[in-house]
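Data first, discussion second: the structure below is written as structure tokens.
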Number of protein chains: 2
Amino acid sequence: MDDMKLSGGVEWAIHCCVVLSRMDGAVPAGKLAGLHDVSSSYLAKQMQALSRGGLVRSLQGHAGGYVLTRPADQISILDVVQAVEGKQPLFVCTEIRQRGPLGTPPEKCLTHCPIAIAMMTAETAWRDSLNKITIGDLAHQVSSTSGPETFQTIQHWFAGA
Amino acid sequence: MDDMKLSGGVEWAIHCCVVLSRMDGAVPAGKLAGLHDVSSSYLAKQMQALSRGGLVRSLQGHAGGYVLTRPADQISILDVVQAVEGKQPLFVCTEIRQRGPLGTPPEKCLTHCPIAIAMMTAETAWRDSLNKITIGDLAHQVSSTSGPETFQTIQHWFAGA
DNA sequence: GGAGGGGTACTCGGATAAGAGCTGTCCGAGTATCAATGG
DNA sequence: CCATTGATACTCGGACAGCTCTTATCCGAGTACCCCTCC
């Protein structure tokens, strides 16, 4: 009742994608976890979800890690959210209007339930908004607010640690 | 991963509000549950949430039940969703940019995290969309699609059962 | 016949258990690197 | 000196527990109605 409805892993995944977009070469999940000081094993789970969703490509072996499959300008936040959380909508209509003693028979349900339509419309607005922002946009904003040297510092830290 | 992120009770609560808006007098939770063929005890919990949120007023005693506190045109779907699900946002920024060895110090975080801003913007779009539809609108649409006699039939059923 | 009082039945409200999903963790499968060896 | 081959160390990937939250349920507190009694 008092915590967010989206997985906490969503935030981690987005941050990782932003970092990845400005790195040269692959970055293993362990280093991404160390950078953000989060559980290495659990972040690995999120990266697997991103891999399954086709957003990142995994390179195994000695100098392996994760790399974005597409340019950062072609990856929206919605893509990341859907990869981690699944494509299931926030609201699912269970057609309770068809249930109960006075339930509307299925043959009379020609149009969708008005409630479902309203919820779906709102959800579409949410998705459209998320779809307008790309990982590239976020990386640019991070550079502007936290300083242009931010990503370079991170890359050096990756090489060191 | 494969079910909705919003409580299932949201759908029940909205349907109940729509029905309530066209009824004369109070309707007990038990009859609302019977009408929709759902768990009486669990729907009672949702109605309590609506009561706590100030959307409905509870009348105890022999001919008691629930009544809307405001005209249906002044109750938006957002009001119902927030009453049942809480006002906590879908996405909560945990400020992981401040964590880890390269974390940005708090004194340099003058502006909000770009990721949090993007998520909040999308969420605002979602809320705005939900805020535009009222229970009155939904009741009107139900009358149009399911027939004008729908609510009258329900009222008769309430009186009978 | 009318008013008052008590009983009753019905209502909500919160406190109480079971189930599912998110959070967090572990170890096995696979591969590029590196070094050693032989030509 | 260069190619081959094997060992190595590092990576991802999926399978395995702990815990919070949703789902579902029950019983007690409170109130309006109804009937019986008394005036």
Side-chain angles (χ1 to χ4, degrees), chain A residues 1-13 16 20 25-34 36-67 69 81 84-86 88 90-92 94 96 158 161, chain B residues 1-13 16 20 25-34 36-67 69 81 84-86 88 90-92 94 96 158 161:
Chain A
M1 177 82 84
D2 53 358
D3 68 349
M4 67 179 122
K5 291 291 172 301
L6 264 53
S7 272
V10 172
E11 188 183 8
W12 301 5
C16 288
L20 249 49
V27 181
K31 298 208 173 179
L32 287 169
H36 297 107
D37 189 27
V38 296
S39 163
S40 176
S41 306
Y42 188 40
L43 187 139
K45 204 175 187 57
Q46 315 301 338
M47 297 309 290
Q48 286 172 31
L50 261 53
S51 176
R52 253 175 269 145
L55 289 176
V56 301
R57 179 132 197 91
S58 67
L59 280 309
Q60 262 182 344
H62 189 79
Y66 289 100
V67 191
T69 55
V81 171
V84 174
E85 287 289 323
Q88 203 70 205
L90 275 65
F91 179 90
V92 177
T94 60
I96 67 178
F158 280 156
Chain B
M1 177 83 84
D2 52 359
D3 68 347
M4 64 180 124
K5 292 292 172 299
L6 265 53
S7 271
V10 172
E11 187 183 8
W12 300 4
C16 287
L20 248 49
V27 180
K31 296 209 173 176
L32 287 168
H36 297 108
D37 190 26
V38 296
S39 163
S40 176
S41 306
Y42 188 40
L43 188 138
K45 201 177 190 55
Q46 316 300 339
M47 296 309 289
Q48 285 172 29
L50 261 53
S51 177
R52 252 174 271 144
L55 289 176
V56 300
R57 179 130 199 94
S58 67
L59 281 309
Q60 264 183 344
H62 188 78
Y66 289 100
V67 190
T69 55
V81 171
V84 174
E85 287 288 323
Q88 203 70 205
L90 276 65
F91 178 90
V92 176
T94 60
I96 66 177
F158 280 156

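Chain letters run A, B, ... following the sequence lines, proteins first and then strands; every chain starts at 1. Note that these values count all heavy atoms, side chains included, but never hydrogens, waters or copies made by symmetry. Since we're looking at a predicted model, the values are computed, not measured.
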Between [X] (side chain only) and [Y] (backbone N and O only), is there a donor and an acceptor less than 3.5 Å apart?
X: A/K31; Y: A/F158; value: yes
X: A/E11; Y: B/T94; value: yes
X: B/E85; Y: B/S7; value: yes

Protein-nucleotide distance ([X], atom [atom1]; [N], atom [atom2]), rounded to Å:
X: B/E11; N: D/dT22; atom1: CD; atom2: P; result: 17 Å
X: B/W12; N: D/dT22; atom1: CH2; atom2: C1'; result: 12 Å
X: A/L50; N: D/dG13; atom1: CG; atom2: P; result: 11 Å
X: A/L32; N: D/dC10; atom1: CG; atom2: P; result: 18 Å
X: A/Y42; N: D/dG14; atom1: OH; atom2: P; result: 16 Å
X: B/L43; N: D/dT25; atom1: CG; atom2: P; result: 12 Å
X: B/L6; N: D/dT23; atom1: CG; atom2: C1'; result: 15 Å
X: B/L90; N: C/dC22; atom1: CG; atom2: P; result: 14 Å

Worksheet item: For A/S39 and C/dT23, is the shortest distance between a side-chain N/O and OP1 or OP2 below 4.0 Å?
Response: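 So the side chain of A/S39 is outside the cut-off, no N or O lying under 4.0 Å from OP1 or OP2 of C/dT23.
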Discussion item. So, OP1 or OP2 of D/dT25: does either fall under 4.0 Å of a side-chain N or O from B/S40?
Written reply: no
Worksheet item: Is B/L50 close to B/V84 at the side-chain level, that is, under 4.5 Å between some pair of heavy atoms?
Response: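 Yes, their side chains come closer than 4.5 Å.
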Worksheet item: With a 4.5 Å limit on heavy-atom distance, are the side chains of A/H36 and A/C16 in contact?
Response: yes
Practice prompt. Could you pull out all residues at least two apart from B/T69 that satisfy side-chain contact (heavy atoms from CB on, under 4.5 Å)?
Written response: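 Testing B/T69 for side-chain contact (heavy atoms from CB on, under 4.5 Å), a comparison that skips the adjacent residues, returns B/R57.
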Item to complete: Scan nucleotides 10-16 of chain C nucleotide by nucleotide, 5' to 3', and note B when protein non-hydrogen atoms come under 4.0 Å of the base, S if they reach only the sugar-phosphate, - if neither.
Response: SBBBBB-
